[in-house]
Visitor: 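Got a structure for you, written out below as structure tokens; questions coming shortly.
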Number of protein chains: 2
Amino acid sequence: MTTPKAIPKPSLQRLPIYYRILKNALEHHEEFISSAEIGRRAKVSPQNVRKDLAFLPEQGQAGIGYSILSLANCLEDTLGLLKSKDAVIVGAGNLGKALALYPGFEKSGIQIVVAFDNDPDKVGEKIGDIPIMPIDKISNLVRRMKLKIGIITTPEETAQEMADLLIQGGCKAIWNFTPTMVKVPEDVMVRNEDLSMGIMVLSHYVESMKVINEKFE
Amino acid sequence: MTTPKAIPKPSLQRLPIYYRILKNALEHHEEFISSAEIGRRAKVSPQNVRKDLAFLPEQGQAGIGYSILSLANCLEDTLGLLKSKDAVIVGAGNLGKALALYPGFEKSGIQIVVAFDNDPDKVGEKIGDIPIMPIDKISNLVRRMKLKIGIITTPEETAQEMADLLIQGGCKAIWNFTPTMVKVPEDVMVRNEDLSMGIMVLSHYVESMKVINEKFE
DNA sequence: CAATCATTGTGAAATTGATAACAAATGATT
DNA sequence: AATCATTTGTTATCAATTTCACAATGATTG
């Protein structure tokens, strides 16, 4: 009934940072934390932290701050970290392997349950405990296992094709590590994580700084 | 004298997307492209595309659009993709290896020239052609080789330490793949690429969608 | 060659996000 | 019990970004 007002993207992207800080604080047996302290650690202004947290049902206590435990639980709920979710990786190259073995996913409740590759040498092998299957099984398996999250780390030429197969199988969220922008229906979320884009931005910064420095050197 | 007005961050982050689209169009032997078409492919409004491109020296032609070749060249210049730049990876784990071998960097003019790790078994080995050196050599080597770009893929506990060493050696841009927010001086750009953050955002989407779907199922 | 069409560049308006400011709440202190 | 310092939630303000609207421009057409 009361649509829980959608969280704006910038806020949503900061929530995982706060979550990380809270988990860390918990390990140090802290109990309460102020927006000022969260802000210091996350490099965000305290006001901004409070604004972000205002989107959550959890409330802070004036004079005290936020209960770290409650807030962390609340974030786990909001970010959907509690229910463990299964995901699939398409492309068992270096990047695919690295992601499959990335320890951070488990902490986020993500479990990679299967990988796909078209290389016959790889099919049948395993990445850790994760079996590698041929790509013509994608749709079927994704559907049968009710997987909703697909990660694409193939060469860019096949990215769209792989995305189509995943969606055909019922995937609703796609994490695309290739430089192509894959096209998806309205109801599917795609996050393009083109790594060379990141390097271009850094590259621009280093370049533009050189210009400035040349004046002074 | 005339400071070439700094490009706002949101615009800067879209430029690599446009660049990718232009390169793609070039391969299809297209010659001119309109802001509307770029926008369609990049999922950005045409006005916004024009505003972004207005930060570049390159101009479009009314009635025709932008010369794809000129604009691509201009972007290569602006993003510093022409001049090859050397970079360093700290942390020769799975992710570090995957990045070191990632083919996309070369296209962006980035060359990984050396990796560092504290594991004595890894030191002395190579990732492709890239030698792995002990971390106590970071500052020295970075300084001697005048490296400006550092990529951190160590466990999160050591991230800050590694960043400090890189900066001590003269690095001006740091790409941090650990979940920690590293602190850096004003003149150093840091890009935090916490992968588990990405998955949390997707995870949130899948969760929030479930709520909606449950109403209809 | 005039009229039309597609498309850019840009100033103004609207929206969105961030910061500042402050009343209300809470525990600590005197 | 009263006061003080701390810290939240919220409203108002400010800044950045995006969208809107349209005049200006150059190609195309009859």
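Computed from heavy atoms alone, side chains included, the values below leave out hydrogens, waters and symmetry copies. Within every chain, numbering begins at 1; the chains are lettered A, B, ... in the order of the sequence lines, protein sequences first and strands thereafter.
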Visitor: Taking salt bridge (Lys or Arg N to Asp or Glu O under 4.0 Å) as the test, write out the residues that go with A:Lys43, two or more places apart.
Guide: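 For A:Lys43, no residue satisfies salt bridge (Lys or Arg N to Asp or Glu O under 4.0 Å) once neighbours in sequence are set aside.
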Visitor: Report all side-chain donor-acceptor pairs from residues 63-70 of chain B shorter than 3.5 Å, counting only partners two or more places apart or in another chain.
Guide:
unit_1  : atom_1 : unit_2  : atom_2 : d
B:Ser67 : OG     : B:Ser70 : N      : 3.2
B:Ser67 : OG     : B:Ser70 : OG     : 3.0

Visitor: Counting only non-hydrogen atoms, which of residues 34-53 of chain B are less than 4.0 Å from DNA chain D?
Guide: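 Close to the strand are B:Ser45, B:Gln47, B:Asn48, B:Arg50, B:Lys51.
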Visitor: Please examine the side chains of A:Cys74 and A:Pro57, heavy atoms only from C-beta on, and report whether any two atoms are closer than 4.5 Å.
Guide: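 A:Pro57 vs A:Cys74: side chains touch.
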Visitor: Would you please name every residue forming a salt bridge (Lys or Arg N to Asp or Glu O under 4.0 Å) with B:Arg143, sequence neighbours left out?
Guide: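 Scan of B:Arg143 (salt bridge (Lys or Arg N to Asp or Glu O under 4.0 Å), adjacent residues dropped) gives none.
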Visitor: D:dT25 phosphate, OP1 or OP2: any side-chain N/O from B:Gln61 under 4.0 angstrom?
Guide: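 Indeed not, no polar side-chain atom of B:Gln61 lies that close.
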Visitor: Can you tell me the distance, in whole Å, between the OH atom of A:Tyr18 and the P atom of D:dT8?
Guide: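 From A:Tyr18 OH to D:dT8 P: 12 Å.
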Visitor: Listed in order of residue number, which residues of residues 62-75 of chain B have a non-hydrogen atom at under 4.0 Å from DNA chain D?
Guide: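 The stretch gives B:Ala62, B:Ile64 as the residues lying under 4.0 Å from the strand, ordered by number.
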Visitor: According to the ring-ring contact (aromatic ring centres under 6.0 Å, His included) rule, which pairs have a member within residues 140-173 of chain B, sequence neighbours left out?
Guide: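 Counting only pairs at least two positions apart or across chains, no ring-ring contact (aromatic ring centres under 6.0 Å, His included) contact touches residues 140-173 of chain B.
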Visitor: For C:dA21, give its Watson-Crick or G-U wobble partner with both distances under 3.5 Å, or none.
Guide: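 With both distances under 3.5 Å, C:dA21 matches D:dT10.
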Visitor: Tell me the salt bridge (Lys or Arg N to Asp or Glu O under 4.0 Å) pairs involving residues 45-71 of chain B, sequence neighbours left out?
Guide: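 Qualifying pairs, neighbours excluded: B:Arg14-B:Asp52.
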Visitor: Output all residues satisfying salt bridge (Lys or Arg N to Asp or Glu O under 4.0 Å) with A:Asp194, sequence neighbours left out; order by chain, then residue number.
Guide: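 Listed in chain order: B:Arg20.
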Visitor: List the residues meeting side-chain hydrogen bond (donor to acceptor under 3.5 Å, both in side chains) with B:Asp164, not counting sequence neighbours, and say none if there are none.
Guide: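 With neighbours one apart ignored, the set is B:Gln160.
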Visitor: Indicate every side-chain donor-acceptor pair of residues 174-183 of chain A with a distance under 3.5 Å to a residue at least two apart or in another chain.
Guide:
unit_1   : atom_1 : unit_2   : atom_2 : d
A:Trp175 : NE1    : A:Glu193 : OE1    : 2.8
A:Asn176 : OD1    : A:Thr178 : N      : 3.0
A:Asn176 : OD1    : A:Thr178 : OG1    : 2.8
A:Asn176 : ND2    : A:Thr180 : O      : 2.7
A:Asn176 : ND2    : A:Asn192 : OD1    : 2.8
A:Thr178 : OG1    : A:Thr180 : N      : 3.4
A:Thr180 : OG1    : A:Glu156 : O      : 3.3

Visitor: First contact, last contact: which nucleotides of DNA chain C are these for chain A, 5' to 3', heavy-atom distance under 4.0 Å?
Guide: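 From 5' to 3', the first and last contacting nucleotides are C:dG17 to C:dG27.
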Visitor: Name each donor-acceptor pair under 3.5 Å that joins a side chain in residues 24-32 of chain A to protein atoms two or more places apart or in another chain, with its distance.
Guide:
unit_1  : atom_1 : unit_2  : atom_2 : d
A:His28 : ND1    : A:Asn24 : O      : 2.9
A:His29 : ND1    : A:Glu27 : O      : 3.4
A:Glu30 : OE1    : A:Arg41 : NH2    : 3.2

